[in-house]
Amino acid sequence: MTKLSVNINKIATIRNARGGEFPSVTEAAIKLQEFGAQGITIHPRPDERHITRKDVYDLKPLVHTEFNIEGNPHRPFIDMVLEVKPEQVTLVPDADDAVTSNAGWDCEKNLDFLKSVISEFKNAGIRTSIFLDPNPEMVKFAAETGTDRIELYTEAYAKNYFQDKESAIKPYYETALEATKYGLGINAGHDLSLDNVKYFAENIPNLLEVSIGHALISEALYLGLENTVQAYLKRLAKW
């Protein structure tokens, strides 16, 4: 089945709104794994407006499933990831002041930079993934970077799902097929939810992992965290 990695940035956002340590991101990670999540994702940003550097180091010994750290590979981020050594690092080209990730890499334009960064991570034994828009023509350049996986940026899919889900998923399907030809693993994330994740998982070949944060934490306000995780797992199960 496609693995579920839960992004806990939103837990840190709530904590930071009041200061202190509640709700605890470390306790959330522990509970999420107990509830069935197969990975924990964080996306620390330079201003530490949600996940902090301390959180990154505190979480490392507590994540016994898969630890996925996302971020723009500035030097401080690279050094932190090399020190923490998560199972996976996902490279995202977001601006420091971006509210959330909003675009994939132009791998052709940034080819030499991505090659250099990815080689550092791979030499340290860390699996790499790069954030990619649904564009089959970009896949060959993604493959040239040396990355292990791509993460499909799914905002456009989520936005258009209720209008025309077949049209919404088409470029993602085509990009996934192209990625498979190049031997790349496929992850996905951004605005996936209980409403749209099942159709996505059913129609994207070789989908290894989805990373879901905002929707999952929001849905948990009504359903409870354990029930929400279980609901996602059911939608991602083989049909």
Side-chain angles (χ1 to χ4, degrees), residues 1-11 28-29 31-43 65-68 70 87-88 90 92 100-104 127 129-136 139 148-181 184-239:
M1 65 180 290
T2 301
K3 289 185 178 181
L4 171 66
S5 185
V6 179
N7 187 318
I8 59 174
N9 277 25
K10 194 60 62 178
I11 301 293
K31 290 295 185 183
L32 284 162
Q33 291 173 102
E34 290 177 358
F35 296 156
Q38 295 134 327
I40 298 295
T41 292
I42 57 173
H43 189 143
T65 51
E66 177 190 279
F67 197 17
N68 173 43
E70 299 180 343
E87 283 72 27
Q88 178 173 268
T90 301
V92 184
T100 186
S101 304
N102 54 23
R127 186 173 73 232
S129 178
I130 55 177
F131 213 47
L132 205 68
D133 294 322
N135 178 359
V139 171
D148 300 296
R149 298 185 182 184
I150 60 169
E151 178 173 333
L152 293 171
Y153 170 43
T154 50
E155 181 182 20
Y157 164 76
K159 183 177 180 180
N160 296 307
Y161 173 78
F162 288 108
Q163 285 72 41
D164 185 348
K165 61 185 179 182
E166 292 181 1
S167 176
I169 206 167
K170 182 180 178 182
Y172 293 90
Y173 172 76
E174 293 172 347
T175 304
L177 283 183
E178 191 71 8
T180 300
K181 292 179 185 177
L184 296 174
I186 300 165
N187 298 341
H190 201 93
D191 289 347
L192 294 175
S193 69
L194 286 175
D195 290 329
N196 61 41
V197 72
K198 187 176 190 294
Y199 183 77
F200 191 85
E202 287 175 342
N203 288 280
I204 297 301
N206 304 313
L207 181 64
L208 301 176
E209 175 183 301
V210 292
S211 175
I212 303 176
H214 180 80
L216 188 151
I217 300 303
S218 299
E219 290 155 344
L221 293 175
Y222 307 103
L223 303 176
L225 198 54
E226 182 172 10
N227 288 339
T228 305
V229 170
Q230 289 298 311
Y232 273 98
L233 293 176
K234 288 178 183 178
R235 284 161 173 75
L236 293 170
K238 291 295 182 181
W239 40 90

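Here the straight-line distance linking atom CG of Leu152 with atom CG of Leu132 works out to 7.0 Å at 0.5 Å rounding. Taking CZ of Phe131 as the start and CD of Glu151 as the end, the distance is 5.0 Å to the nearest 0.5 Å. Note that OG of Ser5 is 8.0 Å distant from CD of Glu70, once rounded to the nearest 0.5 Å. Between the OG1 atom of Thr180 and the CD1 atom of Ile204 there is a distance of 9.5 Å, given to the nearest 0.5 Å. Distance check: Glu66 CD to Gln38 CD gives 9.5 Å after rounding to the nearest 0.5 Å.
Side-chain atoms of Lys181 and Val139, non-hydrogen and from C-beta on, never get closer than 4.5 Å to each other. Glu166 places none of its side-chain heavy atoms less than 4.5 Å from the side chain of Tyr173. Counting heavy atoms from C-beta on, the side chains of Asn203 and Tyr172 never come closer than 4.5 Å. Put simply, the side chain of Asp164 does not reach to within 4.5 Å of the side chain of Asn160, judged on heavy atoms. In this structure, Asn187 and Asn68 have side chains that are not in contact, with every pair of non-hydrogen atoms separated by 4.5 Å or more.
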Identify all side-chain donor-acceptor contacts of residues 208-217 below 3.5 Å with residues at least two apart in sequence or on another chain.
{"residue": "Glu209", "atom": "OE2", "partner": "Gln88", "partner atom": "NE2", "Å": "3.1"}
{"residue": "Ser211", "atom": "OG", "partner": "Thr41", "partner atom": "OG1", "Å": "3.4"}
{"residue": "His214", "atom": "ND1", "partner": "Lys10", "partner atom": "NZ", "Å": "3.2"}

With salt bridge (Lys or Arg N to Asp or Glu O under 4.0 Å) as the test, would you mind laying out the steps for Glu202 and Lys198 before giving the verdict?
CA-CA 6 Å; Glu202 287 175 342; Lys198 187 176 190 294; 2.3 Å; yes

Checking Gln33 against Ile40 for the side-chain contact (heavy atoms from CB on, under 4.5 Å) test, could you report, in this order, the C-alpha distance in whole Å, the side-chain angles of both residues, the deciding distance, and whether it holds?
CA-CA 8 Å; Gln33 291 173 102; Ile40 298 295; 4.1 Å; yes

Residues Leu192, Tyr157; criterion side-chain contact (heavy atoms from CB on, under 4.5 Å); working and verdict:
CA-CA 8 Å; Leu192 294 175; Tyr157 164 76; 4.0 Å; yes

Show, in sequence, the C-alpha distance, side-chain angles and deciding distance for Asn196 and Lys165, and conclude whether the side-chain contact (heavy atoms from CB on, under 4.5 Å) test is met.
CA-CA 9 Å; Asn196 61 41; Lys165 61 185 179 182; over 6 Å; no

Before giving the answer on side-chain contact (heavy atoms from CB on, under 4.5 Å), spell out for Thr65 and Lys3 the whole-Å C-alpha distance, their side-chain angles and the decisive distance to 0.1 Å.
CA-CA 10 Å; Thr65 51; Lys3 289 185 178 181; over 6 Å; no

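Without hydrogens or angle criteria, Gln230 side chain to Glu226 main chain gives no donor-acceptor distance under 3.5 Å. Of the possible polar contacts, one joining the Thr2 side chain to the Leu207 backbone as a donor-acceptor pair under 3.5 Å is found. Side-chain atoms of Arg235 come within 3.5 Å of backbone N or O of Leu194 as a donor-acceptor pair.
Listed by chain and number, the residues in a ring pair (Phe, Tyr, Trp, His ring centres under 6.0 Å) with Tyr232 amount to none (sequence neighbours excluded). Thr154 meets the side-chain hydrogen bond (donor to acceptor under 3.5 Å, both in side chains) test with no other residue; sequence neighbours excluded.
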